[in-house]
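One-based numbering along the sequence shown. Counting starts at 1 for both ligands and their atoms, following the listed order. Scope of the values below: all heavy atoms of this structure, side chains included, with no hydrogens, waters or symmetry mates.
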Amino acid sequence: MIAEKLAPGVAPSPDFIPLLVPVVQGNEWRYIKECLDTNWVSSVGPFVDRFENDFAAKVGTQFAVATVNGTAALHLALLVAGVKPDDEVLVSTLTFIAPVNAIRYAGAWPVFIDAEPDYWQMDPSSVVDFLERGCRWHEGVLYNRTTGRRVTAIIPVHILGHPVDLDPIIEIARKYGLKVIEDSTESLGAAYKGRGVGSIGDIACFSFNGNKIITTGGGGMLVTSNEEWAGKAKYLSTQAKDDPIEYIHEEIGYNYRLTNIQAAMGCAQLEQLEGFIAAKERIASCYTEGLQGLPGISLMKEASWASSSWWMYTVLVDEAVFAADSRQLMRSLNSRKIQTRPLWQPIHLSGAHRGRSTTKMPVAEKLYQQALSLPCSVSLGHEEQGRVIEEIRNIAASATPGKVLCN
Ligand SMILES: *Cc1c(COP(=O)(O)O)cnc(C)c1O
């Protein structure tokens, strides 16, 4: 039942409030039973087609290709968008690691971009600055001045349910012929200037991992309105099979397909999307109301040009004012059976990808120190949420500067 690994020292108990758990209360049983009853259990079947069609319609693209997970969708998106080995791809440093790993699977290199301080997303001015000053345009190709490598794509990651400010990024991408791959895995249902996240760049990816807005247990989707790219993605996800009878392969492909059983669950989950997002919005406004004005706590905001899907409600803890840092607050809440979580270590600091960046990323580093995500399952009850708010207020009241809360 617990989607996220428990924080140390906490065992599940009836009054335990988890960070994020899925809600499976629609047609999941019925559709999955249909797969079992009809023997369509594997990687082709009517639910795969239906999930792809329904999903493309929901996001606002012409095509969708279901994949085994979101990381696989990102890998395929890079390949079909034409990213080649030794190319460079701009990507948010403040993100879950998946898009950066996918860049390396394609043989390309990440160029990290800092977050902006207001909505914590990829900073468009840093993108423009790097492309205009750090790169050289030569005979229709953009080269990184420092490494000499071709720069061919940008992956803005819409983190925590809020969109990236895409217009300036798309404008400069068009200027230099770069492809924009939206990592929309955390922001299904969010909109940027009235357009669905995932329908704005050249291609986009979604995830249906257990903690995402909708889940298939594990799964992903690539969406695009480029028919050739969609066909190529399907082909590559199916071991690049050129002849289904003779098993002729002209290219190296992957086994990245989603099963019909998972797609059946996806269809049922997608039917509930609007309700899920309404619940997330309700939870967000309840936190905003309940924690407003608490000294040292900054709340998550929504830009005037954005409609957030509020996937993961997150606050910033200013240690100097709150008298506890984000990790101390996490441990205190943990001891009160409330599960919270910091954001990801910015990827330019991670051992896996360290050394790829020479510039400082002060905003992402500060957000990493201060951020704490609060429980926000769609099923979170009003009283339970009241307890989270009350405990944070209690901790704030009992904390005085210099006093250690708990360890
Ligand atoms: C969840 C996630 C993914 C993809 O995850 P999978 O577990 O492979 O489905 C990619 N990028 C980000 C930012 C994510 O949060």
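Between W40 and F47, a ring centre-to-centre spacing not shorter than 6.0 Å is recorded. In this structure, H75 has its ring center under 6.0 Å from that of Y254. The distance between the ring centers of Y192 and W305 falls below 6.0 angstrom.
Among protein heavy atoms, the minimum distance from atom 8 (O) of ligand 1 is reached at T71 OG1, 2.5 Å. The protein atom (non-hydrogen) at minimum distance from atom 12 (C) of ligand 1 is T185 OG1, 2.9 Å. Regarding atom 15 (O) of ligand 1, its nearest protein heavy-atom neighbour is E186 OE2, 2.6 Å. The nearest heavy-atom contact from the protein to atom 11 (N) of ligand 1 is D183 OD2, 2.8 Å. The protein heavy atom nearest to atom 1 (C) of ligand 1 is K212 NZ, 1.4 Å. Taking atom 5 (O) of ligand 1 as the reference point, the nearest protein heavy-atom neighbour is S207 OG, 3.6 Å.
The closest approach between G220 and ligand 1 stays at or above 4.0 Å for every heavy atom of the residue. Proximity of L74 to ligand 1 is established by a heavy-atom distance of less than 4.0 Å. Not a single heavy atom of A72 sits less than 4.0 Å from an atom of ligand 1.
The two residues E186 and F96 have their closest heavy-atom pair at OE2-CB, 4.3 Å. Annotation for R387 and R336: closest pair NH2-O, 2.9 Å, computed over non-hydrogen atoms. The heavy-atom pair separating A115 from W120 by the smallest distance is CB-O, 3.7 Å. N260 and G45 get closest at one heavy-atom pair: OD1-C, 3.2 Å.
Looking at L258 and F51, their side chains come closer than 4.5 Å, going by heavy atoms from C-beta outward.
Every atom of ligand 1 is numbered from 1 in the order shown, and the set under 4.0 Å from a heavy atom of T95 is 13 (C). Within ligand 1, counting atoms from 1 as listed, the ones closer than 4.0 Å to a heavy atom of A98 are 3 (C), 10 (C), 11 (N). Each of the atoms 9 (O) of ligand 1 lies under 4.0 Å from some heavy atom of G219. Close approach to V157 involves these atoms of ligand 1, each under 4.0 Å from a residue heavy atom: 13 (C). For ligand 1, the atoms sitting less than 4.0 Å from at least one non-hydrogen atom of P99 are 11 (N), numbered in the order shown with element in parentheses.
Using a 4.0 Å cut-off between charged nitrogen and carboxylate oxygen, E274 and K58 count as a salt-bridge pair.
Classified by interplanar angle (parallel below 30°, tilted 30° to 60°, perpendicular above 60°), the ring pair H348/F112 is tilted.
For W310 (side chain) and R282 (main-chain N/O), no donor-acceptor pair under 3.5 Å exists by modelled atom type.
At least one N or O atom of G70, backbone or side chain, sits closer than 3.5 Å to an N or O atom of ligand 1.
Here I159 has no heavy atoms under 4.0 Å from ligand 1, in either its backbone or its side chain. If you look at N69 next to ligand 1, the close heavy atoms, those under 4.0 Å, come from the backbone and the side chain alike.
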